[in-house]
Amino acid sequence: VFRSGQKPILEDWNTGQGKTPAGNTEKKAFHLNLMTMLKSLFSRERIMFALISGGVFLACNVVSSYFYGHEFLHEALLYHLTRTDPRHNFSIYFYHIYLHYERQFSAVEKLISFLPQFTVQFSLVFCFSQDLVFCIFPQTVALVAFNKVITAQYFVWFYCLLPLILPWSHMKLKWECLLCIIMWIGAQTHWLLWGYMFEFKGFNVFLQLWVASLVFLAANTFVLVKIIQRHRFSPWNLL
């Protein structure tokens with residue numbers, strides 16, 4: 001799974017030595033496979049990749065911090081941890097933020113809002129990390145769908161990844177694909193209807209807008225699950 005070409009170490013034995021009990025053999029095989037997996041996981045190539053990519057990322061941030069100081073750190077990194085948007089957006093959190101915008105949010109409230117997003121993304125990485133191209137798509141969808149702030153331009157983040165995963169999908173265009181398209185566009189249109197009533201007509205439809213956000217989250221989740229179910233697992237051995 002982690003690295004091709006590696007074979008487990010075999011021990012020679014003959015009838016004079018007798019057979020090793022099945023339980024011991026299975027235990028040895030398990031430990032051997034575990035050690036092989038850990039060794040391949042922390043191979044020289046993987047460690048070099050982590051150090052170089054992490055070093056470049058850190059160097060770019062250090063240089064930018066040197067020229068722009070705390071303003072860069074706040075705008076590029078820290079702001080996304082504390083951002084609150086009281087205006088209507090596709091996120092299910094907007095109504096809670098709107099109702100409590102004048103008071104300071106506690107650290108627990110901020111953590112709770114990020115917890116579902118982190119949990120879903122971690123689960124997706126755990127399940128699809130070996131299928132790298134596909135893994136990027138559900139991660140991006142989950143990042144957008146469970147974020148505290150969602151606007152229309154966020155959808156472009158996963159639109160551009162669709163051509164990379166569609167060749168490995170078994171989804172039927174006539175029924176399942178059309179159903180997913182209709183549900184996703186329908187849920188978004190439903191939200192935009194209430195957004196229009198609020199923005200252009202000035203009606204107090206915050207509650208309806210929040211319900212529309214819940215419906216839109218459900219539509220995103222449904223489409224994501226369908227895409228995962230119809231995907232043909234294609235692991236990549238990059239290193």
Side-chain angles (χ1 to χ4, degrees), residues 80 83-99 101 112-128 131-234:
H80 297 281
R83 178 182 181 182
T84 55
D85 192 344
R87 304 299 295 176
H88 57 288
N89 63 75
F90 289 95
S91 174
I92 62 173
Y93 299 106
F94 95 92
Y95 193 43
H96 176 77
I97 294 173
Y98 170 76
L99 294 176
Y101 185 68
I112 290 176
S113 65
F114 278 107
L115 190 59
Q117 187 183 50
F118 288 158
T119 303
V120 173
Q121 287 198 287
F122 179 79
S123 302
L124 292 170
V125 170
F126 183 79
C127 293
F128 302 110
D131 193 346
L132 180 61
V133 176
F134 179 73
C135 185
I136 296 173
F137 177 82
Q139 264 202 295
T140 308
V141 175
L143 173 69
V144 173
F146 290 89
N147 201 29
K148 288 195 301 180
V149 178
I150 306 173
T151 53
Q153 64 265 28
Y154 286 23
F155 305 145
V156 181
W157 296 355
F158 55 82
Y159 282 163
C160 61
L161 299 174
L162 277 173
L164 300 179
I165 68 167
L166 288 180
W168 286 269
S169 178
H170 293 292
M171 186 177 293
K172 301 294 183 181
L173 177 63
K174 187 175 181 180
W175 297 115
E176 287 182 318
C177 187
L178 287 178
L179 175 63
C180 290
I181 293 174
I182 291 172
M183 285 195 64
W184 193 84
I185 295 180
Q188 185 178 170
T189 305
H190 173 248
W191 186 97
L192 290 173
L193 172 64
W194 294 110
Y196 172 81
M197 299 292 286
F198 170 78
E199 190 71 32
F200 291 93
K201 298 298 184 180
F203 296 151
N204 184 5
V205 291
F206 276 102
L207 183 58
Q208 294 90 328
L209 205 55
W210 176 66
V211 174
S213 297
L214 294 176
V215 174
F216 188 59
L217 175 62
N220 276 280
T221 305
F222 175 83
V223 173
L224 181 59
V225 170
K226 279 295 182 183
I227 291 176
I228 291 175
Q229 289 177 342
R230 296 296 179 263
H231 176 70
R232 184 171 70 250
F233 184 63
S234 305

Testing the basics here: between [X] and [Y], what is the closest heavy-atom pair and its distance to 0.1 Å?
{"X": "Q139", "Y": "Q121", "result": "O-NE2, 3.1 Å"}
{"X": "C180", "Y": "V223", "result": "O-CG2, 3.7 Å"}
{"X": "S91", "Y": "N147", "result": "OG-O, 2.8 Å"}
{"X": "N89", "Y": "I150", "result": "CB-O, 3.2 Å"}
{"X": "R230", "Y": "M171", "result": "CB-N, 3.7 Å"}
{"X": "S113", "Y": "K148", "result": "OG-CD, 3.3 Å"}

I'd like to check [X] versus [Y] (side-chain heavy atoms, cut-off strictly below 4.5 Å). Are they in contact?
{"X": "I165", "Y": "L161", "answer": "no"}
{"X": "F90", "Y": "V144", "answer": "no"}
{"X": "L143", "Y": "W157", "answer": "yes"}

Between V133 and F128, is the side-chain contact (heavy atoms from CB on, under 4.5 Å) condition met? List the steps.
CA-CA 9 Å; V133 176; F128 302 110; over 6 Å; no

[atom1]/[X] to [atom2]/[Y] distance, rounded to the nearest 0.5 angstrom?
{"X": "K172", "Y": "L179", "atom1": "NZ", "atom2": "CG", "answer": "15.5 Å"}
{"X": "L224", "Y": "T140", "atom1": "CG", "atom2": "OG1", "answer": "10.5 Å"}
{"X": "L178", "Y": "M183", "atom1": "CG", "atom2": "CE", "answer": "13.5 Å"}
{"X": "C160", "Y": "F137", "atom1": "SG", "atom2": "CZ", "answer": "9.5 Å"}
{"X": "Y93", "Y": "I112", "atom1": "OH", "atom2": "CD1", "answer": "9.0 Å"}
{"X": "C135", "Y": "H231", "atom1": "SG", "atom2": "NE2", "answer": "10.0 Å"}

Verdict with supporting geometry, Q208 and F203, side-chain contact (heavy atoms from CB on, under 4.5 Å)
CA-CA 11 Å; Q208 294 90 328; F203 296 151; over 6 Å; no

Is there a side-chain contact (heavy atoms from CB on, under 4.5 Å) between L124 and I228 once you walk through the steps?
CA-CA 10 Å; L124 292 170; I228 291 175; 4.0 Å; yes

F216: which of W210, W184, F146, W191 passes ring pair (Phe, Tyr, Trp, His ring centres under 6.0 Å)
W184

Should the ring pair F206 and Y98 be called parallel, tilted or perpendicular, given that the plane angle runs from 0 to 90° and is split at 30 and 60?
parallel

Classify the angle between the aromatic ring planes of F122 and F126 as parallel (below 30°), tilted (30 to 60°) or perpendicular (above 60°).
parallel

Should the heavy atoms of other residues, nucleotides or ligands under 6.0 Å from CZ of F200 be counted, would the total exceed 12?
no

Partner residues of R232 under the salt bridge (charged side-chain N to carboxylate O under 4.0 Å, His left out) criterion, sequence neighbours left out:
none

I need the single residue from L209, L214, V211, L207 that forms a side chain to side chain contact (heavy atoms under 4.5 Å, CB included) with Y95. Which is it?
L207

